2 protein chains.
Amino acid sequence: MNKEELKNLIKEAGLRVTIHRLAVLLAVVKAKQPVTVYELTEILRKKENIDQATIYRNLSSLHIAGILRRLDFNHGHAHYELETGTASHQIVCGKCETIEKIEGVSIDNAIQKMIQKSKKFKNTTTHSIEVYGVCKACV
Amino acid sequence: MNKEELKNLIKEAGLRVTIHRLAVLLAVVKAKQPVTVYELTEILRKKENIDQATIYRNLSSLHIAGILRRLDFNHGHAHYELETGTASHQIVCGKCETIEKIEGVSIDNAIQKMIQKSKKFKNTTTHSIEVYGVCKACV
DNA sequence: TCCTTTATGCGAAAGATTTGCAAATACAAA
DNA sequence: TTTGTATTTGCAAATCTTTCGCATAAAGGA
Ligand SMILES: [Mn+2]
Ligand SMILES: [Mn+2]
Ligand SMILES: [Zn+2]
Ligand SMILES: [Zn+2]
């Protein structure tokens, strides 16, 4: 995902391509893990002169537009990552705040079964699995 | 899970069985969905004279003891349910705050694969799947 | 360039959770 | 049953996270 592609994502969502919005999106995409507002503030305040409220508003608009995914991990604060498709699988340490993203494992069958069993939902868009444990560093 | 069994859970965790702690646990267990602090406050303030801080502290101690599971659902506040085993599977509406618990779908194979792929974790304890979509009422 | 809508900065407010401290309570030992 | 000590609670204040109001600035189509 290069800068031009990200610009197009924003445009296609009907949002305006501002310096700050692009910078927020770029920072989320560059991060190796789902990134918090606190971390984004650190990253962006150095280069840009960007207000905290602007970060929150852009994360929100990009999330509503379906460009970003929001994850909480039961940390009491939000984390964001690029909404790439339908799945986001992570292992989360219950002691420290380590998160490890795991790719390449599908649970599509299980999701289909869940939708079949559901009474309130006809179909779904995305899903996330959080597997909890204690990481090697914390054992 | 009756009151005596819950008392034993608390004792086995090395915690003291106080009226408030038992009331909090009982209220969580009785709820049909993962319950929020706000809801617990409403429920418990009527019968008991219990402070908000006491609710938070008991939810925390019961969670740390492994008796309660905490779930956020990206709502910006915590929800709690009884920690029954290893899995908690929900479908969550992205518009309203509807949550539907789905039971009877296993993803143990996928979890095993995730642990195999992990570099930071040797084993794990619990997991949750949140499937996101828009519920029939919100479509 | 002009116009209208959308985005931003700033400060304040709201919502969620945690903390310090003194008083009350649980419960094991005597 | 009484006593002693560690845990729990109430209360108020603090902290952390997120949202909002409003005036100004910027985006982007006409
Ligand atoms: Mn975090
Ligand atoms: Mn909720
Ligand atoms: Zn850890
Ligand atoms: Zn809904």
Side-chain angles (χ1 to χ4, degrees), chain A residues 3-4 6-28 34-65 67-68 70-80 97, chain B residues 3-4 6-28 34-42 44-45 47-65 67-68 70-80 97:
Chain A
K3 195 181 276 198
E4 284 309 311
L6 296 175
K7 275 190 187 177
N8 284 334
L9 277 184
I10 295 172
K11 279 181 193 162
E12 284 158 20
L15 296 171
R16 292 183 179 178
V17 180
T18 67
I19 292 171
H20 290 336
R21 178 166 286 145
L22 188 57
V24 167
L25 180 52
L26 213 49
V28 174
V35 71
T36 64
V37 171
Y38 179 83
E39 291 163 342
L40 286 173
T41 304
E42 295 254 301
I43 295 167
L44 294 172
R45 257 212 299 246
K46 286 169 188 166
K47 298 172 188 173
E48 327 265 325
N49 200 40
I50 182 171
D51 193 81
Q52 193 121 310
T54 301
I55 296 177
Y56 273 101
R57 284 191 274 230
N58 278 316
L59 288 170
S60 177
S61 60
L62 292 169
H63 172 56
I64 290 170
I67 297 170
L68 293 185
R70 179 184 161 156
L71 297 160
D72 281 0
F73 303 120
N74 302 340
H75 283 181
H77 50 244
H79 310 68
Y80 293 86
E97 299 218 330
Chain B
K3 196 181 274 197
E4 284 311 309
L6 296 177
K7 275 190 188 176
N8 283 334
L9 277 183
I10 295 172
K11 278 181 196 162
E12 283 158 21
L15 296 170
R16 293 184 178 179
V17 180
T18 68
I19 292 171
H20 291 337
R21 178 167 286 146
L22 188 57
V24 167
L25 180 51
L26 214 49
V28 174
V35 71
T36 64
V37 171
Y38 179 83
E39 292 163 341
L40 286 173
T41 305
E42 296 253 302
L44 294 173
R45 258 212 300 243
K47 300 173 188 172
E48 326 264 328
N49 200 40
I50 182 171
D51 193 79
Q52 193 121 310
T54 302
I55 296 177
Y56 273 103
R57 283 192 273 228
N58 277 317
L59 288 170
S60 176
S61 60
L62 293 168
H63 172 56
I64 290 170
I67 296 171
L68 294 184
R70 177 183 164 159
L71 297 160
D72 282 1
F73 302 122
N74 300 342
H75 284 182
H77 52 243
H79 309 68
Y80 292 87
E97 299 217 332

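Here the structure is a predicted model, which is why all the values come from computation and not from measurement. Below, chains carry the letters A, B, ... as their sequence lines are ordered, and counting in each starts from 1.
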Closest heavy-atom contact between A:Ala23 and A:Leu44?
O-CD2, 3.8 Å
Starting from C1' on D:dC16, measure out to NE2 on A:His75 and report it in whole angstrom.
15 Å
In this structure, how many angstroms lie between the P atom of D:dT17 and the CD atom of A:Glu42, rounded?
12 Å
A:Asp72: partners by side chain to side chain contact (heavy atoms under 4.5 Å, CB included), with sequence neighbours left out
A:Arg70, A:Ala78, B:Asp72, B:Asn74
Measure the distance from CG on B:Asn74 to C1' on D:dT18 and round it to the nearest whole Å.
14 Å
Atom-to-atom span, CD1 of B:Ile55 to P of D:dT8 - whole angstrom
16 Å
Between B:Leu62, B:Val24, B:Leu68, B:Ile67, which is the residue that forms a side chain to side chain contact (heavy atoms under 4.5 Å, CB included) with B:Tyr80?
B:Leu68
Going by the rule side chain to side chain donor-acceptor pair (under 3.5 Å), which residues pair with B:Asn8 if we only count those two or more places apart in sequence or in a different chain?
none
Of A:Ser61 and B:Val37, the one whose closest DNA chain C nucleotide lies more 5'
A:Ser61
Atom CZ of A:Arg70 and atom P of D:dT17: how far apart are they, to the nearest Å?
12 Å
What are the 5'-most and 3'-most nucleotides of DNA chain C lying under 4.0 Å from any heavy atom of chain B?
C:dA16 to C:dC27
Listed by chain and number, what are the ring-ring contact (aromatic ring centres under 6.0 Å, His included) partners of B:His63, not counting sequence neighbours?
none
Close N or O pairs between protein and nucleotides 20-23 of chain D (under 3.5 Å):
unit_1, atom_1, unit_2, atom_2, d
D:dG21, O6, A:Arg57, NH1, 3.4

Nearest whole Å is fine: how far is D:dT18 P from A:Leu59 CG?
9 Å
Minimal non-hydrogen separation, B:Ile50 against B:Arg45, with atom names:
O-CG, 4.1 Å
What parts of residues 12-25 of chain A reach DNA chain C, counting only heavy atoms under 4.0 Å away?
A:Leu15, A:Arg16, A:Thr18, A:His20, A:Arg21
Partner set under side chain to side chain contact (heavy atoms under 4.5 Å, CB included) for B:Glu39, not counting sequence neighbours
B:Val35, B:Thr36
Distance-only donor-acceptor pairs under 3.5 Å for side chains of residues 51-61 of chain A, two or more places apart:
unit_1, atom_1, unit_2, atom_2, d
A:Asp51, OD2, A:Ala53, N, 2.9
A:Gln52, OE1, A:Thr41, OG1, 3.1
A:Asn58, OD1, A:Arg21, NE, 2.9
A:Asn58, OD1, A:Arg21, NH2, 3.3
A:Asn58, ND2, A:Thr54, O, 3.2
A:Ser61, OG, A:Arg21, NH2, 3.4
A:Ser61, OG, A:Arg57, O, 3.3
A:Ser61, OG, A:Asn58, O, 3.1

Residues two or more places apart in sequence or in another chain: which of them pass salt bridge (charged side-chain N to carboxylate O under 4.0 Å, His left out) with A:Glu4?
A:Lys7
Using heavy atoms to find the nearest nucleotide of DNA chain C for B:Lys11 and B:Gly76 separately, return the residue whose nucleotide is more 5′.
B:Gly76
Global bending angle along the helix from C:dT1-D:dA30 to C:dA30-D:dT1, which compares the axes of five pairs at either end, to 10 degrees
40°
Distance col, row B:Thr18:OG1 vs B:Leu25:CG, nearest 0.5 angstrom, shows 10.5 Å
Nearest 0.5 Å, please: how far is CG in B:Leu9 from NZ in B:Lys11?
11.5 Å
Sequence-distant partners of A:His79, ring-ring contact (aromatic ring centres under 6.0 Å, His included), two or more places apart:
A:Phe73, A:His75, A:His77
